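Okay, so here's the structure we're looking at.
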Amino acid sequence: MTASTDFLAKLNPSQRAAVEHFCGPLLVVAGAGSGKTRALTFRIANLVLNHRVDPENILAVTFTNKAAKEMKERIEVLFAEQEAQAKHGKSLSALPEYEQTKLRSHVYKNVTKYLWIGTFHALCSRILRFDIEKYQHPDGYTWKKTFSIFDESDAQTLVKTIVTKDLNLDDKKFNPRSVRYAISNAKNQNFTPADLEKEQPNYRGRMIADVYRHYEKALAANNSLDFDDLIMIPVKLFQQNESVLGYWHNRFRHILVDEYQDTNRTQYDLIRLLTTNGEDMAKFNDWRNRSTFVVGDADQSIYSFRAADFTILMNFQDDFGDGLPDDDTRTMVKLEENYRSTSNILHVANYIIENNTERIEKVLRATRGEGETIFCYKADDEIHEADFVVGQIRSLEYQNPELKWGDFAILYRTNAQSRSFEEILTRYSVPYQVVGGLRFYDRREIKDVLAYLRAIANPDDTVSLKRVINVPRRGVGKGTLDKLDQATQTLGCPLWEILSDEGSVKTLAGRSSKGVLEFAGIIKKYRERLDNAKGSEIIQELLEDSGYIEALKAEGTEEADDRIGNVQELYNAVLQFEEENDDPSLLAFLANASLASDLDNMEEGNNRVSLMTLHSSKGLEFPVVFLVGLEQGLFPNFRSLEDPAATEEERRLCYVGITRAKERLFISYARERRLYGHREPASPSLFLGELPVDYVTTNSGLGMPQRMTTPIRDARSEREEAAKPGSGAHEFDWNAGDVVVHPSYGAGEVTHIFGAGNKICLAVKFPNQGRKIIDPKLTKLQRAE
DNA sequence: AGGGGCGAAATTTTT
DNA sequence: TTTCGCCCCT
């Protein structure tokens with residue numbers, strides 16, 4: 001492969017600066033539609049082609065499988081393009097198809113195969129397949145390479161059993177969902193049960209810590225991990241085992257992280273450990289042949305409820321970078337040129353997000369024409385809102401031959417809002433898809449089959465064994481299960497040990513023993529074949545043997561037919577997986593299945609109107625976007641009304657929605673909405689009052705701007721206030737090094753200043769609380785002179 | 001062992 | 001209003 005720099009010519013100056021960065025840390029602040037995937041992929045190409053970095057030394061982390069897949073594909077094309085130029089002097093697309101395929105497979109064999117590109121979870125599960133047996137849990141629990149990955153519902157079921165059965169707690173007070181949430185949150189901050197207890201020493205905190213302890217024990221007993229463990233265990237392993245960390249630190253010399261604003265504490269720890277080899281951040285400075293390159297946009301941070309913490313991004317300059325102000329820094333690049341939307345749309349987006357205080361100053365610059373104005377529609381109720389939206393879609397589709405159904409998206413805050421749109425779309429036979437509903441892998445029949453496979457692959461996976469021991473019916477009822485359970489408790493052994501012993505089963509299960517033994521026989525039979533047979537063969541015979549398909553056929557309902565079809569699709573997925581992957585083992589497939597999402601199979605070429613939540617829309621773009629339900633309490637959601645930080649997150653969500661639109665943006669709200677069966681009057685969203693009036697056409701004026709109950713004030717009133725003498729102009733006069741006193745954190749030192757003018761934000765380091773980002777307009781800071 | 005019926009709850013959810 | 005989960009009855 002020849003070194004080449006011509007592909008860099010396609011980049012704008014800031015993209016180019018990001019791409020050409022070689023060693024050391026770099027933060028790329030990438031606005032919506034500014035070509036960040038481009039920067040990431042070109043950078044990887046540049047590392048390999050021009051800096052001769054071995055692809056094995058590159059780790060690229062994303063948050064979704066879709067993003068990982070896209071990155072892989074784009075890199076492959078990029079390399080193939082280079083080779084096409086070098087070998088044939090032509091662009092890739094000008095070559096005959098077989099040449100293109102040949103080039104691409106050549107690139108795969110030599111480059112992309114060796115790159116580690118994937119989600120945090122997928123990459124960590126890969127690391128754990130190597131090293132989990134070296135992990136030492138404080139309570140002596142161990143895991144084997146064959147571990148299962150529990151999904152969210154498995155995890156919650158487990159928590160529920162612990163709360164109600166093991167600890168006998170009131171599940172009203174200790175709602176399994178919120179307890180699971182608390183445990184997840186703890187794990188996402190790399191907290192042990194003891195850490196959690198220390199943080200919340202009250203009764204509830206102690207109880208939750210106790211559930212957490214039991215939960216870990218149960219996971220270990222099942223040789224299973226939950227999603228959070230996939231990240232947390234590598235972190236703990238790295239912290240306790242120098243040689244393991246040393247290996248991966250040495251291996252991943254160039255680390256790239258996409259959507260850095262969405263990282264949580266544990267993920268941050270992982271990146272930091274890999275980068276510094278566990279050395280103290282302040283002492284580490286050996287960036288030879290090494291880089292940590294993160295890309296993100298604080299304005300698109302919308303997952304704080306999943307423990308994402310965008311202050312990690314805001315702090316990058318201080319902990320990895322040179323910490324210099326924006327104009328002098330060599331460790332930050334801003335991508336502000338937007339290639340997606342018309343300038344009108346961008347203006348609205350910029351204008352809205354300016355109301356947020358916690359952000360890195362950034363303005364999206366248009367590269368396209370003005371476009372149409374934004375239209376804001378006030379509807380009588382949710383039915384009329386849907387009528388308006390569908391009417392617009394139909395007439396735009398009819399009038400513009402270039403617009404297809406797939407070019408439209410309806411974005412809403414909550415899933416429940418899809419219904420009225422679906423009804424009207426159906427009435428007019430407009431093809432549509434609801435994105436992000438039930439995951440394929442969450443369907444009952446799929447979970448059943450996967451439970452069989454998991455039980456076969458992982459003998460300790462009692463949860464999976466129990467799920468299918470009586471599916472299809474084998475006459476193994478609750479009574480039998482209870483007896484078996486009791487036996488495992490007394491003996492302290494995994495369920496399988498009892499199931500696999502004929503004598504024990506006969507004693508315990510009585511008249512159900514026939515069914516239990518039949519089941520155990522099936523599992524045993526396939527477990528023996530695990531090493532030699534392919535996953536696809538196992539699945540195929542298993543479906544026959546277990547009578548699973550037969551039982552579905554016997555049902556004879558339409559629903560059962562659907563299920564059979566889905567199981568067939570799962571079989572196809574295994575076949576495809578075996579064809580496409582280097583490691584086609586059943587274990588690898590199971591990991592892949594556990595980590596798959598529904599978004600992964602959202603079809604783009606199917607030409608349907610897309611309906612989805614604003615959260616699901618992140619990373620996508622559509623020529624025409626409808627942002628619906630802009631009502632106070634719905635969007636912003638009522639749970640965020642009291643909390644300024646939460647309201648800012650809702651505003652970011654609004655910003656994400658607006659910046660999905662390429663050509664046309666419609667915003668709508670209803671005067672009255674059916675909510676849980678009752679008609680409720682609705683008032684216009686806070687965000688409507690923040691729209692720039694000159695850029696918006698309405699059918700009845702913009703709603704009255706909402707007053708906030710808490711003192712987040714919009715940028716304009718702040719500007720006025722700042723102009724008044726003595727009203728706080730001096731507040732903006734902060735300097736790094738100032739010592740301040742915070743009402744709850746006490747004294748701290750200002751280490752960094754974000755933003756400018758009235759949107760200033762301070763990073764303050766407190767001796768005990770660590771670093772916090774504080775808006776001096778929201779929190780009264782006293783100066784310690 | 002499984003279905004019917006009643007009561008309570010009802011954001012967002014990359015993995 | 002709808003959906004889900006639990007309990008009780010058969």
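Every chain is numbered from 1 and lettered A, B, ... according to where its sequence line falls, protein lines coming before strand lines. This one's a predicted model, so the numbers in the text were calculated from it and none came from an experiment.
- Contacts of A:R419 with the nucleic acid, taken as non-hydrogen atoms under 4.0 Å apart, involve only primed sugar atoms and P, OP1 or OP2.
- In this structure, A:K618 places its NZ atom 12 Å from C1' of B:dT12, rounding to the nearest Å.
- A sub-4.0 Å separation between OP1 or OP2 of B:dT13 and a side-chain N or O of A:S616 is present.
- Between A:Y260 and B:dT14, a side-chain N or O to OP1/OP2 separation shorter than 4.0 Å is absent.
- A:Y303 does not qualify as a stacking partner of the B:dT13 base, lacking a centre-to-centre distance under 5.5 Å together with planes within 30°.
- Separating the CD1 atom of A:I231 from the C1' atom of B:dT14 is a distance of 11 Å, rounded to the nearest angstrom.
- If you take CD of A:E422 and P of C:dT2, they are 13 Å apart, rounded to a whole angstrom.
- Across all strands shown, A:V656 has no heavy atoms under 4.0 Å from either base or sugar-phosphate atoms.
- The CG atom of A:D643 sits 18 Å away from the P atom of B:dT12 (whole-angstrom rounding).
- Salt-bridge formation is not detected for the pair A:R443/A:D562: no Lys NZ or Arg NE/NH1/NH2 atom is positioned less than 4.0 Å from an Asp or Glu carboxylate oxygen.
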>> A:Y215 vs A:D226, test: side-chain hydrogen bond (donor to acceptor under 3.5 Å, both in side chains). Steps then yes/no.
In response: CA-CA 10 Å; A:Y215 175 71; A:D226 66 18; 2.6 Å; yes

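- In the displayed structure, A:E550 atom CD is contacted under 6.0 Å by at most 12 heavy atoms of other residues, nucleotides or ligands.
- Here A:T613 reaches the OP1 or OP2 of B:dT13: one of its side-chain N or O atoms lies under 4.0 Å away.
- At a threshold of 4.0 angstrom between heavy atoms, the contacts of A:E650 include nucleobase atoms, whether or not backbone atoms are also involved.
- The CZ-P distance, from A:R177 to B:dT13, rounds to 12 Å in whole Å.
- Taking atom P in both C:dG5 and B:dT12, one finds a spacing of 15 Å when rounded to whole Å.
- Side-chain atoms of A:N470 come within 3.5 Å of backbone atoms of A:V476 as a donor-acceptor pair (strictly under, hydrogens ignored).
- Between A:N470 and B:dA1 there is no side-chain N or O to OP1 or OP2 distance below 4.0 Å.
- With DNA chain B read from its 5' end, the first of the two nearest nucleotides for A:H121 and A:E649 is the one closest to A:E649.
- Glycosidic conformation at B:dT12 (O4'-C1'-N9-C4 for purines, O4'-C1'-N1-C2 for pyrimidines): anti, more than 90° from 0.
- Atoms NE2 (A:H678) and C1' (C:dT2) sit 12 Å apart, rounded to a whole Å.
- Summary of the strand contacts: A:K478 and A:F638 both lie near DNA chain B, and taking for each the nucleotide with the nearest heavy atom, the more 5' one is attributed to A:K478.
- Counting any heavy atom pair closer than 4.0 Å across all strands shown, A:R674 reaches sugar-phosphate atoms only and no base atom.
- Under 4.0 angstrom from either OP1 or OP2 of B:dT14 there lies no side-chain N or O belonging to A:N264.
- Distance A:K66 NZ to B:dT14 P: 12 Å, rounded to the nearest Å.
- Between A:K187 and A:D229 a salt bridge is recorded (basic side-chain N to carboxylate O distance below 4.0 Å).
- A salt bridge does not link A:E422 with A:R419: none of the charged nitrogens is closer than 4.0 Å to a carboxylate oxygen.
- Look at CG on A:L653: it is 10 Å from C1' on B:dT11, rounded to the nearest Å.
- Note on A:D262: a base of the nucleic acid sits closer than 4.0 angstrom, heavy atoms only.
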